[in-house]
Amino acid sequence: MRARTRRPGFMTPRRWTVLGILALVLILLLLNLYMQWVQSGYRQEEQAAERTAKAETGLAEVTKADKFVWEETAWVFQGTDQAGERLFVWVTGKGAEAVKADDGYPRAQLKADVLRELPDAKLIRIRPGLVDGKKVWEVYYSRELNVKRHYYAFYGFEDGRNIVTYTLPVRTSG
């Protein structure tokens, strides 16, 4: 009589491992494609604003881009022109306008000024923006005075003077 040899099962532990790894790779690939799709509109908007900045102001190289939304949407690009001079460029629906970085109030000096005035403040972000048609530095910070509050303070881009400060309600600032 012939002895039957037992065949190992179709799904061995090794095959399960390979299948698991392939499934994980597929999931990561699909997540990556989804994120690219979600961000494509933002990137297209940024690229269009960058083309405007380069065409209208002589901006040659972009080192940083910020989308600033307040009363109107503005893109603020930091970079250099053909001569290597540092520029800030504001792009809105009305066009682009450049300011030499040396003509603006230095970010580091503004940070020191804010911390000197508000030593208990925890700075979260300082970035250029546009408020009421004026070029500004936006300073977003928090302070702990009985309760933690968040603030938006706007300072003139050229002179560093406080324009306005908004206190966020406690309910939304935590």
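Counting from 1, the numbers follow the sequence of the chain as shown.
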When you measure from the side chain of Arg125 to the backbone of Glu138, do you find a donor-acceptor pair of N or O atoms at a distance under 3.5 Å? no

Is it possible for you to say whether Val114 and Ile124 belong to one hydrophobic cluster, with membership spreading through side-chain heavy-atom contacts below 4.5 Å? no

Do Trp75 and Glu45 meet the criterion of a side-chain donor-acceptor pair at a distance under 3.5 Å? yes

Measuring only between side-chain heavy atoms, which start at C-beta, is Val76 closer than 4.5 Å to Leu130? no

How long is the gap from CZ on Phe154 to NZ on Lys134, to the nearest 0.5 Å? 12.5 Å

Distance from Asp159 atom CG to Leu110 atom CG, nearest 0.5 Å? 10.5 Å

Let me see the working for Arg143 and Lys148 under side-chain contact (heavy atoms from CB on, under 4.5 Å), right down to the final yes or no. CA-CA 6 Å; Arg143 294 178 73 190; Lys148 186 175 186 178; over 6 Å; no

Same apolar cluster: Leu168 and Val131, side chain cutoff 4.5 Å: yes

Student check: side-chain heavy atoms of Arg127 and Val139 closer than 4.5 Å: no

Are more than 12 heavy atoms from other residues, nucleotides or ligands located less than 6.0 Å from atom CZ of Arg161? no

Once you round to the nearest 0.5 Å, how far does CD of Glu144 lie from CZ of Arg149? 11.0 Å

Nearest 0.5 angstrom please: Asp120 CG to Ser142 OG, how far? 9.0 Å

Side-chain donor or acceptor of Gln78 paired with backbone N/O of Thr63 under 3.5 Å: no

Tell me whether Tyr151 is reachable from Leu115 by hopping between hydrophobic residues (I, L, V, M, F, W, Y) whose side-chain heavy atoms are closer than 4.5 Å. yes

Any side-chain heavy atom of Asp103 within less than 4.5 Å of one from Glu158? no

For Ala98 versus Val89, what's the shortest heavy-atom pair and its separation? CB-CG2, 3.9 Å

Under 3.5 Å, is there a donor on one side chain and an acceptor on the other for Tyr155 and Asp113? no

Beyond-backbone contact of Thr73 with Lys67, side-chain heavy atoms, under 4.5 angstrom: yes

Lys100 vs Asp81 side-chain heavy atoms within contact, under 4.5 Å: no

What distance separates Asn32 CG from Ile27 CD1, expressed to the nearest 0.5 Å? 14.0 Å

Between Tyr105, Phe77, Trp137, which is the residue that forms a ring-ring contact (aromatic ring centres under 6.0 Å, His included) with Phe88? Trp137

Would you say that Val62 contacts Leu59 through its side chain, given a criterion of any heavy-atom pair below 4.5 Å between the two side chains? yes

Would a hydrophobic clustering, with Ile, Leu, Val, Met, Phe, Trp and Tyr connected at side-chain separations under 4.5 Å, put Leu87 with Val99? no

Do Leu26 and Leu30 have side chains that approach each other closer than 4.5 Å (heavy atoms only, starting at C-beta)? yes

Same apolar cluster: Val170 and Leu118, side chain cutoff 4.5 Å: no

I want to know whether Tyr141 and Tyr152 have ring centres closer than 6.0 Å. no

Assess whether atom CD of Gln36 is packed by more than 12 heavy atoms of other residues, nucleotides or ligands within 6.0 Å. yes

Using modelled atom types only, decide if a donor and an acceptor are shared between the side chain of Trp90 and the backbone of Pro128 within a distance under 3.5 Å. no

Would the distance check show the side chain of Thr57 and the main-chain N or O of Ala53 forming a donor-acceptor pair, the cut-off being under 3.5 Å? yes

Is a donor on one side and an acceptor on the other found under 3.5 Å between the side chain of Asp66 and the backbone of Phe68? no

Separation of Leu24 CG from Leu29 CG (nearest 0.5 Å): 11.0 Å

Quick check: does any side chain N or O of Glu71 sit under 3.5 Å from a backbone N or O of Asp132, one acting as donor and the other as acceptor? yes

Minimum heavy-atom separation for Glu56 to Ala96, with atom names? OE1-N, 2.9 Å

Over all atoms of both residues, closest heavy-atom pair of Gly156 and Ile163: N-CD1, 3.7 Å

Compare all side-chain heavy atoms of Glu97 with those of Thr92 and state whether any distance is below 4.5 angstrom. no

